[in-house]
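Start at 1 and go down the list; that is how both ligands and their atoms are numbered.
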Amino acid sequence: MKVLKFGGTSMGTASRIKDVAKLINDGNRKIVVLSAMSGTTNSLIEIADYFYKNNASGALEKTNLLERKYIEVINDIFEKEEFANKTKEVVHGIFDYIRSFSKSVFTIFEEKAILAQGELLSTNMFQFHLEEQGISSVLIPALDFMRIDKNAEPDIAFISENLKRVLKEVPKVDIYVTQGYICRNFYGEIDNLQRGGSDYTASLIGAAIKAKEIQIWTDIDGMHNNDPRYVENTRPVPMLNFDEAAELAYFGAKILHPTCILPAKLNNIPVRLLNTMDPKSHGTLISNKSIKGVIEAIAAKDGITAIKIKSGRMLLAHGFLRKVFEIFETHRTSIDMITTSEVGVSVTIDNNRRLAEIVNDLKKFGTVTVDEDMVIVCVVGDMPYEQVGFQAKIVSALKDIPIRMISYGGSNYNVSILVSQEDKKKTLNALSDAIFNTN
Ligand code: ASP
Ligand code: MG
């Protein structure tokens with residue numbers, strides 16, 4: 001069986017929803033994972049925020065507005081009054097549930113319960129649409145089998161056991177529809193897999209049932225070899241291995257959530273990135289195969305801060321790096337890039353929430369310098385170190401650009417370069433010219 005995930009834009013309008021229904025109706029059995037319609041999760045966050053700030057009337061106004069949008073979508077999707085009415089009833093129930101929070105004390109639990117409604121809305125509408133079209137399908141509630149543990153990590157054993165149980169309990173159909181993103185936590189409360197988490201759901205389901213393939217359907221034709229917003233003539237990368245895809249997903253290619261890679265990789269299930277607007281295009285196939293000695297793509301991650309700690313005490317000392325890293329751990333801030341010299345170390349972070357505290361603590365160890373508004377540009381491919389030329393090609397392409405940090409060797413799949421935000425476009429284009437000759 002295959003697992004197909006459709007994101008918010010694929011669910012974004014009545015006509016897109018109808019297109020997805022046509023696309024999946026090919027007689028093969030599959031599990032279809034859906035996100036909320038695009039914009040809905042953001043609206044739900046706003047609604048929750050109104051409740052949280054004790055502004056029930058603001059929350060209700062926003063809720064009613066969102067409900068009206070759904071009613072319009074329903075009117076556009078359904079042909080038969082009977083199905084439209086059934087769907088409206090369920091959708092109305094969901095909005096009544098959201099409205100009911102005006103009467104409760106508002107905590108993180110209530111917020112998560114509200115956020116879960118987006119995927120419940122899209123999947124219910126979709127399932128009724130499939131029924132109206134006479135397509136053999138059933139809705140399997142993610143809250144019956146998706147669970148995270150005490151550390152907010154997916155509980156793989158639970159998911160696998162319960163998904164299999166649920167699949168046995170429902171009638172045998174062609175299409176099993178379920179919600180992305182939402183789950184229960186260790187205490188059985190409604191929770192989620194973080195923003196953009198529907199890709200993760202698809203991958204966890206794929207792993208649980210040992211799917212033949214996981215397909216992530218979006219509105220572009222796969223991962224591109226550079227950022228089309230900054231570089232002309234980019235093209236989709238036909239094949240990547242899991243490590244390359246993980247680097248690209250983490251360092252900027254927004255098309256795939258990075259958490260989605262690991263369950264697929266561990267279970268050796270290929271992930272295909274496909275385009276709902278152009279279903280015949282090849283897209284990108286991610287598997288454990290890689291093309292040796294080829295640079296596949298370039299990506300960039302914005303909003304990076306570089307921190308340098310220079311200390312005479314690092315010279316010939318042991319335990320220095322541990323102490324430095326401990327500070328980041330204490331402040332629950334993860335490090336992306338590291339470069340070292342004998343008397344200093346530079347690291348990057350993508351989250352400045354605790355920057356002041358981190359810098360303050362680091363000052364115990366030496367002189368601290370902070371550079372904000374930096375960008376990590378990441379060149380990804382299979383670049384074994386024995387094969388000379390990759391690093392030279394990358395560095396020489398950047399001969400006119402000030403490079404703040406440069407890193408290779410953490411894996412063979414990535415050369416990372418840190419430049420300032422203002423040099424981002426120039427860097428991406430220079431690399432593109434040198435590596436892909438696109439301009
Ligand atoms: N609806 C959720 C979000 O907007 C999950 C997803 O789309 O993957 O983050
Ligand atoms: Mg997404």
*Element-labelled atoms of ligand 1 that are located less than 4.0 Å from some non-hydrogen atom of S35*: 6 (C), 7 (O), 8 (O)
*Between CD1 of I182 and CD of E119, what distance do you get to the nearest 0.5 Å?*
6.5 Å
*Can Q194 be said to touch ligand 1, with heavy atoms closer than 4.0 Å?*
no
*Can you find an N/O atom of T41 closer than 3.5 Å to an N/O atom of ligand 1?*
yes
*Using a strict 4.0 Å threshold on nitrogen-to-oxygen distance, state whether D96 and R99 make a salt bridge.*
yes
*Nearest heavy atom to atom 4 (O) of ligand 1 wins, so pick from H257, M37, R195.*
R195
*Distance from N42 atom CG to E46 atom CD, nearest 0.5 Å?*
7.5 Å
*Could you list which atoms of ligand 1 come closer than 4.0 Å to a heavy atom of G197?*
5 (C), 8 (O)
*Using 4.0 Å as the upper bound for N to carboxylate O, is an ion pair formed by D371 and K308?*
no
*Decide, yes or no, whether a salt bridge links R354 with E357 under the criterion of side-chain N to carboxylate O below 4.0 Å.*
yes
_Close approach of G180 to ligand 1, heavy atoms, under 4.0 angstrom_ = no
*Is there any N or O on K5 that sits under 3.5 Å from an N or O of ligand 1?*
no
*asked:* So for G196, does at least one of its heavy atoms come nearer than 4.0 angstrom to any atom of ligand 1?
replied: yes
*Could you check if a side-chain atom of Y181 sits within less than 4.5 angstrom of a side-chain atom of Q194, using non-hydrogen atoms only?*
no
*Taking only heavy atoms of E119, which atoms of ligand 1 are found under 4.0 Å from at least one of them?*
1 (N), 2 (C), 5 (C)
*Rounded to the nearest 0.5 Å, how far apart are CD1 of I114 and CZ of F106?*
4.0 Å
